[in-house]
Amino acid sequence: MTQSHNPLTEFHWLIEVLQTVDVGVLVLDLEYCITAWNGFMENNSGIDSVNAMDQSLFDVFPEVPQDWFKHKADTVVQLRNRAFTTWEQRPYVFKFKNNRPITGVTEFMYQNCTFIPVISTKGVVQNLAVIVYDVTDMATSKIELNLVNQRLAELSRTDGLTQLYNRAYWETLFETEYMRLQRHEQDVCLIMLDIDHFKRVNDTHGHQAGDKVIRAVAHEIADNSRGTDIVGRYGGEEFVLLLIDSDIDNTYQFAERLRNKIAALQVVTEAGVLQVTVSMGVACWLPKYQHHGQWIEAADKGLYRSKEKGRNQTSIQSD
């Protein structure tokens with residue numbers, strides 16, 4: 001048996017679907033006054049449809065940016081074509097509270113929206129429909145995944161004990177800087193730094209005390225470095241600093257200031273208050289270096305010269 005065609009019944013079902021569908025449906029006239037909206041809009045806004053009908057959209061939703069919305073709407077009406085906005089472009093158009101228990105970590109509902117021109121039987125655009133999709137679950141999941149990926153990326157390039165760059169990542173940045181200098185010469189200097197008699201600290205006071213010493217030295221290095229400097233833990237008690245746009249005189253002065261500040265540190269440990277010194281080697285970039293390893297070797301030679309001369313000093317390697 002087939003159901004007889006009944007326009008009134010079809011209209012009733014259409015209204016019922018629009019009221020219960022789990023997306024927002026908002027219809028505006030060309031003056032941006034609300035001519036229709038469904039239960040989704042009413043439930044999430046907390047505004048009864050009676051109080052919304054024939055009102056300006058911008059009075060009912062003052063948080064909607066007028067210039068942006070009107071530009072979007074005018075484009076849809078003039079081109080007679082749909083337009084979209086995603087939560088990544090704009091987290092929400094309508095400031096609805098997020099009521100989902102699973103994604104309760106976010107205060108507002110993330111939304112994707114579709115703008116649709118409503119064309120009359122005469123082919124004239126008479127209204128603008130806006131469809132609002134609640135994409136909070138998807139958006140929250142993606143944001144959390146991005147945060148996890150960022151954290152993993154940080155962990156992959158950060159030394160866990162000192163929070164400086166680890167050796168592998170520092171060497172990647174160092175090699176990139178070396179290659180840049182082949183094209184654009186600039187004053188860039190490398191410092192290699194080693195904590196004096198660190199093995200004695202570990203053997204006498206234990207590895208926990210040794211870790212506190214390393215962290216204290218790393219903190220002093222980071223605190224005194226510029227944002228443009230590339231600083232890392234090279235291994236064990238050894239650190240590396242690449243000073244961008246710094247000539248040999250400025251680098252030496254910086255190294256000496258840092259050395260004196262580290263010597264003045266008082267590292268509080270369970271074994272008591274410890275004081276340590278560091279030795280440094282400085283080598284500035286030279287065009288004769290055929291690969292970045294030669295630059296590191298030069299700074300390393302300066303470091304060992306400081307150790308041979310009695311430690312707690314800075315030596316420049318210029319050859």
Worksheet item: Which pair of heavy atoms, one from S156 and one from N166, lies closest together, and at what distance?
Response: O-ND2, 3.0 Å
Item to complete: Indicate whether the side chain of N51 and that of D48 have a donor and an acceptor atom separated by less than 3.5 Å.
Response: no
Worksheet entry | Backbone N/O of D134 and side chain of Q111: donor-acceptor pair under 3.5 Å | no
Discussion item. With heavy-atom distances below 4.5 Å as the criterion, would you say the side chains of H292 and M179 are in contact?
Written reply: no
Item to complete: Apply the side chain to side chain donor-acceptor pair (under 3.5 Å) test between N224 and each candidate in H219, R257, K261; give the one that qualifies.
Response: K261
Discussion item. Could you tell me if R233 sits above the aromatic ring of W170, with its cationic atom closer than 6.0 Å to the ring centre and no more than 45 degrees from the axis?
Written reply: no
Item to complete: Any chance you could measure F96, atom CZ, to E107, atom CD, to the nearest 0.5 Å?
Response: 14.5 Å
Fill in: Distance, nearest 0.5 Å, that separates CG of L258 from CD of E256
9.5 Å
Worksheet item: What are the two closest heavy atoms between P65 and R90, and how far apart are they?
Response: CG-NH1, 3.4 Å
Worksheet item: Only one of T314, N312, D196 forms a side chain to side chain donor-acceptor pair (under 3.5 Å) with S279, so which one is it?
Response: D196
Discussion item. Is there a continuous path of hydrophobic side-chain contacts, each under 4.5 Å between heavy atoms, that joins L57 to V76?
Written reply: yes
Discussion item. Would a single hydrophobic cluster contain both V93 and F58, if residues Ile, Leu, Val, Met, Phe, Trp and Tyr are joined by side-chain heavy-atom contacts under 4.5 Å?
Written reply: yes
Discussion item. Which residue is it: V278, L193, I195? I am looking for the one with a side-chain contact (heavy atoms from CB on, under 4.5 Å) to E237.
Written reply: I195
Worksheet, complete the sentence: Interatomic distance, OG@S120 vs CD@Q126, rounded to 0.5 Å, equals 4.0 Å
Item to complete: Might you work through the salt bridge (Lys or Arg N to Asp or Glu O under 4.0 Å) test for K199 and D203, ending with a clear yes or no?
Response: CA-CA 6 Å; K199 185 177 184 301; D203 292 346; 2.7 Å; yes
Worksheet item: Going by the angle between their ring planes, with limits at 30° and 60°, are Y92 and F108 parallel, tilted or perpendicular?
Response: tilted
Discussion item. For a 4.5 angstrom cut-off between non-hydrogen side-chain atoms, does V118 reach L128?
Written reply: no
Worksheet item: Can I191 be reached from L173 by stepping across I, L, V, M, F, W or Y side chains whose heavy atoms are under 4.5 Å apart?
Response: no
Discussion item. Closer than 4.0 angstrom, basic N to acidic O: yes or no for K301 and E297?
Written reply: no
Worksheet item: Are M192 and Y252 linked, directly or through other ILVMFWY residues, by side chains that come within less than 4.5 angstrom of each other?
Response: no
Practice prompt. Measure across I244 and R226 and return the closest heavy-atom pair with its distance rounded to 0.1 Å.
Written response: O-NH2, 2.6 Å
Worksheet item: Q89 side chain to T86 main-chain N or O, any donor-acceptor pair under 3.5 Å?
Response: yes
Worksheet item: Where do S225 and V231 land on the side-chain contact (heavy atoms from CB on, under 4.5 Å) test, with the steps shown first?
Response: CA-CA 8 Å; S225 300; V231 182; 3.5 Å; yes
Discussion item. Minimum heavy-atom separation for N127 and D29, please, with both atom names.
Written reply: ND2-CA, 3.6 Å
Discussion item. Which label fits W295 and Y289: parallel for a plane angle under 30°, tilted from 30 to 60°, or perpendicular past 60°?
Written reply: parallel
Discussion item. Would Q208 and K212 count as a side-chain contact (heavy atoms from CB on, under 4.5 Å) here? Give the steps.
Written reply: CA-CA 6 Å; Q208 288 187 346; K212 284 193 174 183; over 6 Å; no
Item to complete: Among Ile, Leu, Val, Met, Phe, Trp and Tyr joined by side-chain contacts under 4.5 Å, find the other residues sharing a cluster with L30 and list them by chain and number.
Response: V77, I119, V125
Worksheet item: Which residue pairs pass the ring pair (Phe, Tyr, Trp, His ring centres under 6.0 Å) test when at least one of the two sits in residues 111-156, sequence neighbours left out?
Response: F69-F115
Discussion item. Is it true that Q186 and R180 share a donor-acceptor pair across their side chains at a distance under 3.5 Å?
Written reply: yes
Practice prompt. Test side-chain hydrogen bond (donor to acceptor under 3.5 Å, both in side chains) on Q317 and R305 and set out the steps.
Written response: CA-CA 9 Å; Q317 182 71 19; R305 182 179 297 117; 2.7 Å; yes
Worksheet item: Distance from N81 atom CG to I116 atom CD1, nearest 0.5 Å?
Response: 10.5 Å
Worksheet item: Which pair of heavy atoms, one from A218 and one from L164, lies closest together, and at what distance?
Response: CB-CD1, 3.9 Å
Worksheet entry | Nearest-0.5 Å distance, OH of residue Y178 to CD of residue Q290 | 7.5 Å
Fill in: Residues which pass ring pair (Phe, Tyr, Trp, His ring centres under 6.0 Å) with Y165, listed by chain and number, not counting sequence neighbours
Y169
Discussion item. Quick check for you: to the nearest 0.5 Å, what is the distance between N202 atom CG and D211 atom CG?
Written reply: 7.5 Å
Fill in: N/O donor-acceptor pair under 3.5 Å between E185 side chain and Q182 backbone
no
Discussion item. Please determine whether side-chain contact (heavy atoms from CB on, under 4.5 Å) holds for the pair L242 and V240, giving the CA-CA distance in whole Å, both sets of side-chain angles, and the decisive distance to 0.1 Å.
Written reply: CA-CA 7 Å; L242 190 65; V240 279; over 6 Å; no
Worksheet item: Is there a path of hydrophobic side-chain contacts, each under 4.5 Å between heavy atoms of I, L, V, M, F, W or Y residues, that connects F198 with L161?
Response: yes
